[in-house]
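The next block holds one structure in the form of structure tokens; read it before the comments.
Positions are given from 1, in the same order as the sequence printed here.
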Amino acid sequence: MSEHPETVDRNEVDDLSVERALRVGLEEFELDDEDVSLLEREGDEGFDDEQTGPVPVVAIIGRPNVGKSTLVNRILGRREAVVEDVPGVTRDRVAYDAEWTGTRFTLVDTGGWEVDATGIHLRVAEQAEIAIELADVVMFVVDATVGATDTDDAVVKLLRKSGKPVILVANKVDDQRAEADAAMLWSFGLGQPWPVSALHGRGSGDVLDAVLEVLPKFSGVGEAYARGGPRRVALVGRPNVGKSSLLNRLAGEDRVVVDKVAGTTRDPVDELIELGGKTWRFVDTAGIRRRVHQTRGADFYASLRTQTALEKAEVAVVLIDAQEAIAEQDIRVIQQVVDSGRALVVAYNKWDTLDEERRHYLEREIEKELVQIPWAPRVNISALTGRHMDRLVPAIETALESWDTRVSTGRLNAFLGTVTASNPHPVRSGKQPRILFATQASTRPPRFVIFASGFLEAGYRRFIERRLREEFGFEGTPIEVSVRVREKRRKK
């Protein structure tokens, strides 16, 4: 039976009064600038309300291995772009939502631009040229330790022809001595070279301020990188568990090479597929090998591209061969999904081939080996016969809904107040830490920040996470709970 509207309103008022009281109490504690910013912004709520036009686009271009993806990660404040010491890891244009001092923009990472590119490298160069065309501002990254090269000169000509505002980034300037190298790049005639160390963060704030000075309020290239659109699903799993067969079954035709030889798939194949009345973007990935550093050649790149597919996806369907015992590789794949912060569904393939005995042992294996993900939706399917395929989409939708879930600050604090009153943190060394205030910093996945008067033990954090899941669901998504210990202000 649904609650009476007046009861709901009264609960919301009670939650808000709890939140206000705790906020006032928090003023007695030492907070840094980051704390204040988090509390003022309340995660990413309200951003969409302010935006009434297309978000401006900033493209990062440059030749291979100058540190573009490292700079992307620095700007985003988290590891999103794949970074390797091997040139050419980034191949396609990849768009990310970014923000600097309250200004939102779309950040586009591109592959390295080479003037005499052929084959796959030609496609990379074409993607970089398209990125310039579809950008409002271009960040041109040059390796200051190497200086200007013929390829850099060719890129400068391309940029001049485009007529786009260009911010010249002199990367790998790790100390003052290297600033002289950066000054040499005035020769490009693109204006001031901004000395930056993308790896260490040196100068990144200054260069972003320079970007904002020339960034329009709304994009002049329209919705080049439209948000929304088909939800992105990565099919992952160890080699030969049936990922390509599953994609072909979902697509209703043979779009991917299927072979009993493990590792047939090398490149992720993006497919737009209509399922359950919606269009989805599926990425069929190369099987994840034992460890990246143990693999060579094509398998090495296949493993990297699997990680890239995960990072471009919103939800991962981990395929496990139900005929075989759950392997260490299966567990590692699942952990990779959790670490990447993506929503998760576990699909047990070849279910129709199991006898009663195997099903019994599989259940025991799941209880023992996958104890860390009791929250992940599970579907038992057969990619070969299509059995129970109709259960896959509801499981994916559930996981994505949880991944997007936001809990209001008032509701969160009222709930945690109840939980900690009935189950307070144990007393340690004569002190009992208490939770002062909590807020959800972001979604996708849900991230919670708890301000506490002392260190919260790992067991108590797990207890908080478990209770959050019991109260708010979060089926199919990892959630992160971080604690900031803050001391009372000293009286002057």
Side-chain angles (χ1 to χ4, degrees), residues 7-50 76-78 99-104 201 205 341 405-472 474 478-492:
T7 309
V8 174
D9 291 345
R10 193 162 57 247
N11 287 342
E12 286 178 0
V13 169
D14 290 345
D15 291 349
L16 281 170
S17 62
V18 168
E19 179 189 342
R20 287 195 195 101
L22 289 173
R23 275 184 186 276
V24 171
L26 200 58
E27 290 172 6
E28 297 176 19
F29 290 80
E30 295 278 0
L31 301 179
D32 59 26
D33 292 344
E34 191 181 338
D35 295 339
V36 173
S37 173
L38 173 67
L39 293 168
E40 284 176 354
R41 203 181 97 178
E42 287 300 343
D44 42 29
E45 283 181 313
F47 267 1
D48 292 336
D49 300 337
E50 298 163 15
L76 295 176
R78 61 187 185 276
E99 179 259 341
W100 178 246
T101 61
T103 300
R104 294 174 68 205
T405 294
R406 176 175 292 286
V407 179
S408 74
T409 308
R411 181 78 198 89
L412 178 64
N413 282 282
F415 165 70
L416 286 176
T418 306
V419 168
T420 54
S422 56
N423 295 90
H425 191 286
V427 176
R428 293 288 181 262
S429 305
K431 292 181 180 177
Q432 185 175 46
R434 60 189 179 89
I435 291 175
L436 307 169
F437 191 79
T439 183
Q440 185 171 347
S442 61
T443 57
R444 304 183 153 205
R447 293 183 173 96
F448 297 92
V449 176
I450 293 174
F451 293 89
S453 63
F455 176 75
L456 300 187
E457 293 175 355
Y460 197 72
R461 292 186 198 202
R462 285 194 296 273
F463 163 71
I464 295 281
E465 179 183 335
R466 194 165 63 248
R467 290 305 310 272
L468 282 169
R469 288 190 181 280
E470 287 171 8
E471 180 72 11
F472 302 109
F474 295 122
I479 63 174
E480 294 178 16
V481 179
S482 63
V483 178
R484 297 184 185 183
V485 177
R486 296 296 177 256
E487 295 179 353
K488 273 202 170 183
R489 294 180 191 277
R490 292 198 179 101
K491 290 180 181 175
K492 295 175 182 175

| Does R434 have any side-chain hydrogen bond (donor to acceptor under 3.5 Å, both in side chains) partners at least two apart in sequence or in another chain, and if so, which? | none
| field | With R466 via salt bridge (charged side-chain N to carboxylate O under 4.0 Å, His left out) - residues at least two apart | value | none
| Residues in salt bridge (charged side-chain N to carboxylate O under 4.0 Å, His left out) contact with R444, at least two apart in sequence or another chain | E314, D404
| Heavy-atom closest contact (T405 atom, T443 atom, distance) | O-CG2, 3.4 Å
| remark: Residue set satisfying ring pair (Phe, Tyr, Trp, His ring centres under 6.0 Å) with F448, at least two apart, ordered chain then number -> F474
| query | Can you tell me how far the CG atom of L436 sits from the CD1 atom of I450, to the nearest 0.5 Å? | reply | 10.5 Å
| note | All heavy atoms of I479 vs all of R469, minimum pair found to be N-NH2, 3.4 Å
| Full working for side-chain contact (heavy atoms from CB on, under 4.5 Å) between V419 and I435 | CA-CA 11 Å; V419 168; I435 291 175; over 6 Å; no
| message | How long is the straight-line distance from OG1 of T409 back to CD of E19, given to the nearest 0.5 Å? | response | 5.0 Å
| side-chain contact (heavy atoms from CB on, under 4.5 Å) partners of R461, counting only residues at least two apart | F455, L456, V483
| query | Which pair of heavy atoms, one from P426 and one from P433, lies closest together, and at what distance? | reply | O-CD, 4.1 Å
| task | Drop me the distance from L22's CG to T439's OG1, to the nearest 0.5 angstrom. | result | 12.0 Å
| note | Sorted by chain and residue number, the side-chain hydrogen bond (donor to acceptor under 3.5 Å, both in side chains) partners of E470 (sequence neighbours excluded) come out as R467
| query | Given side chains that start at C-beta, do those of P446 and Q440 come closer than 4.5 Å, heavy atoms only? | reply | yes
| For E471, side-chain contact (heavy atoms from CB on, under 4.5 Å) partners two or more places apart | R411, F415
| message | L26 vs L39, test: side-chain contact (heavy atoms from CB on, under 4.5 Å). Steps then yes/no. | response | CA-CA 11 Å; L26 200 58; L39 293 168; 3.6 Å; yes
| request: Looking only at non-hydrogen atoms, find the nearest pair between P478 and P445 and report the distance. | output: O-CB, 3.3 Å
| field | Side-chain (E457) to main-chain (G459) donor-acceptor, under 3.5 angstrom | value | no
| note | residues 413-422 vs side chain to side chain donor-acceptor pair (under 3.5 Å), sequence neighbours excluded, gives none
| task | Identify, with sequence neighbours excluded, every residue that meets salt bridge (charged side-chain N to carboxylate O under 4.0 Å, His left out) alongside R462. | result | none
| What residues form a side-chain hydrogen bond (donor to acceptor under 3.5 Å, both in side chains) with Q432, not counting sequence neighbours? | none
| note | Residue pairs meeting salt bridge (Lys or Arg N to Asp or Glu O under 4.0 Å), one or both in residues 478-488, sequence neighbours left out, come to E28-K488, D32-R486, E34-R484, D35-R484, D35-R486, R447-E480
| note | Residues at least two apart in sequence or cross-chain that pass ring pair (Phe, Tyr, Trp, His ring centres under 6.0 Å) with Y460, listed by chain then number, are H425, F463
